Amino acid sequence: MKLYSTNNHNLSVDFPTAVFNSMPADKGLYMPVHIPQLDQEFIDTIDQFTLPQIAFKVASALLQGAIPADDLKRIIDDAINFDAPVVKLAEDDYVLELFHGPSLAFKDFGARFMSRIMGYFLKDNEQMLDVLVATSGDTGGAVALGFLGVPNTRVTILYPKGKVSDIQELQLCTNGQNIHAIEVEGTFDDCQALVKQAFADDELNAKLRLTSANSINISRLIPQTFYYFNAYAQLKKQGKREVVFVVPSGNFGNIAAGLLAYKMGLPVKQFVAATNVNDTVPRFLETGVYETRPSVQTYANAMDVGAPSNWVRIMDLFQNDKAALQQILKSYRFTDQETLEGMQVLYSDFNYIACPHTAIAWKALQEYRKDAADKDFAGVFLSTAHACKFPDIFPEEMKAKIEIPEQVKNLAKKQKQSTVMDTAFESFKEYLNSY
Ligand SMILES: *Cc1c(COP(=O)(O)O)cnc(C)c1O
């Protein structure tokens, strides 16, 4: 597999280089030089395959031998060891539940695959890989649980003290082994600044092999294509052909993976990006002007992004052809009030408790159906996290009804382990130096 930079199509690096660098030096993003087409026979019979089988087929096509088949199969079976069911909610409305992994969010797909790919390419006796992550909540849990026990890796997670939910904190602080959690007496921005400083520090880089695990890594994007194919397979089983995917979006990595799957031959009628009031992309699709803004805090805080980092990948997939993109991609934005209404209607009408991000996707599906000329399609909205991760947003009655999954019940029994730290870089540097 060869990859270029969205800023330089003449660049050509191999897959391990793209994985360990995360980002090319020119600050573009890595994209596959060749986007493979899956054969028609596979698409026509896809409903006969399981999620791991589909994942293997898609990954093999993308990776083009970068990992031998037996090894790739083992990595996939280990990484994608939980389900992604499509649940019928109403006539032609389906929810694709992506929260059945260890951290209860779709980021488990990316983080588990990435950690195993990195572990695979690390040779025995090679220097330990130090993964530094700043998190405002969801990413940290997925990365911590993804790398837990992966040989030759160590993860240091920084999160803002008192600013993540109880469950998110448990996911960060109860792992032990190769996972270290630091609660920073500051904001998420402070955490991010500390990580950035560490990457720029010569002394630390001389001593440790530092890498980031952020969402722009190509090895996080690839596994996110798997569940689009698998969702299509599940709907095909039920005789559905025309599928619309609605994706709650922040950094636009999830929907970029869907569009990549589409470019590989997945039959999709329409993609719909659903955002909160951080609406850089909806504004772009309406006006043709791409203007980033500082992010605004909302209930759907994993989507509080004013400058979506994966957007350049989407433009690249469509060769910057705005008109083509406006055809396949529609977009809707919602306020906190509308988000809450969505959560309440899902509960009262369908007895379904959805996290705020998921509720925004459901709202967007309803809006899209109103606007669509042809309403004969299966609408699939992606549920990106389990409701129990965002308990403070729910009205009391609904909150009491949220089922607590086994993963969380087990966490609550464990001892919290973390280091409290101020925002001075010297403190963080001293901590890393003591490794
Ligand atoms: C990260 C996240 C999103 C946004 O996904 P992007 O790939 O950044 O668009 C949506 N919902 C939840 C729950 C998330 O954790």
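Atoms within a ligand are numbered from 1 in the order they appear, just like the ligands themselves. It should be emphasised that the depicted structure is a prediction, and the values quoted were computed from it without experimental measurement.
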(message) When you compare the side chains of Asp93 and Gln366, does any donor N or O come within less than 3.5 Å of an acceptor on the partner?
(response) yes

Contacts table for ligand 1: protein N or O within a distance under 3.5 Å of ligand N or O, distances only.
from	atom 1	to	atom 2	distance (Å)
ligand 1	7 (O)	Gly253	N	3.1
ligand 1	7 (O)	Asn254	N	2.9
ligand 1	8 (O)	Asn251	N	2.8
ligand 1	9 (O)	Gly250	N	2.8
ligand 1	9 (O)	Asn251	N	3.3
ligand 1	9 (O)	Phe252	N	2.9
ligand 1	11 (N)	Thr384	OG1	2.8
ligand 1	15 (O)	Lys107	NZ	2.5
ligand 1	15 (O)	Asp138	OD2	2.7

Pairs under 3.5 angstrom only: tabulate donor-acceptor contacts from the side chains of residues 13-20 to other protein residues two or more places apart or in another chain.
from	atom 1	to	atom 2	distance (Å)
Asp14	OD1	Thr17	N	3.2
Asp14	OD1	Thr17	OG1	2.5

(message) Please determine whether the number of non-hydrogen atoms from other residues, nucleotides or ligands lying under 6.0 Å from atom CD of Gln327 exceeds 12.
(response) no

(message) Salt bridge check, Lys375 against Asp92: does any charged N sit closer than 4.0 Å to a carboxylate O?
(response) no

(message) Restricting to salt bridge (charged side-chain N to carboxylate O under 4.0 Å, His left out), what partner residues turn up for Asp71, sequence neighbours left out?
(response) Arg74

(message) Taking side chain to side chain donor-acceptor pair (under 3.5 Å) as the definition, give me every residue that meets it alongside Thr292, ordered by chain and number, with sequence neighbours left out.
(response) none

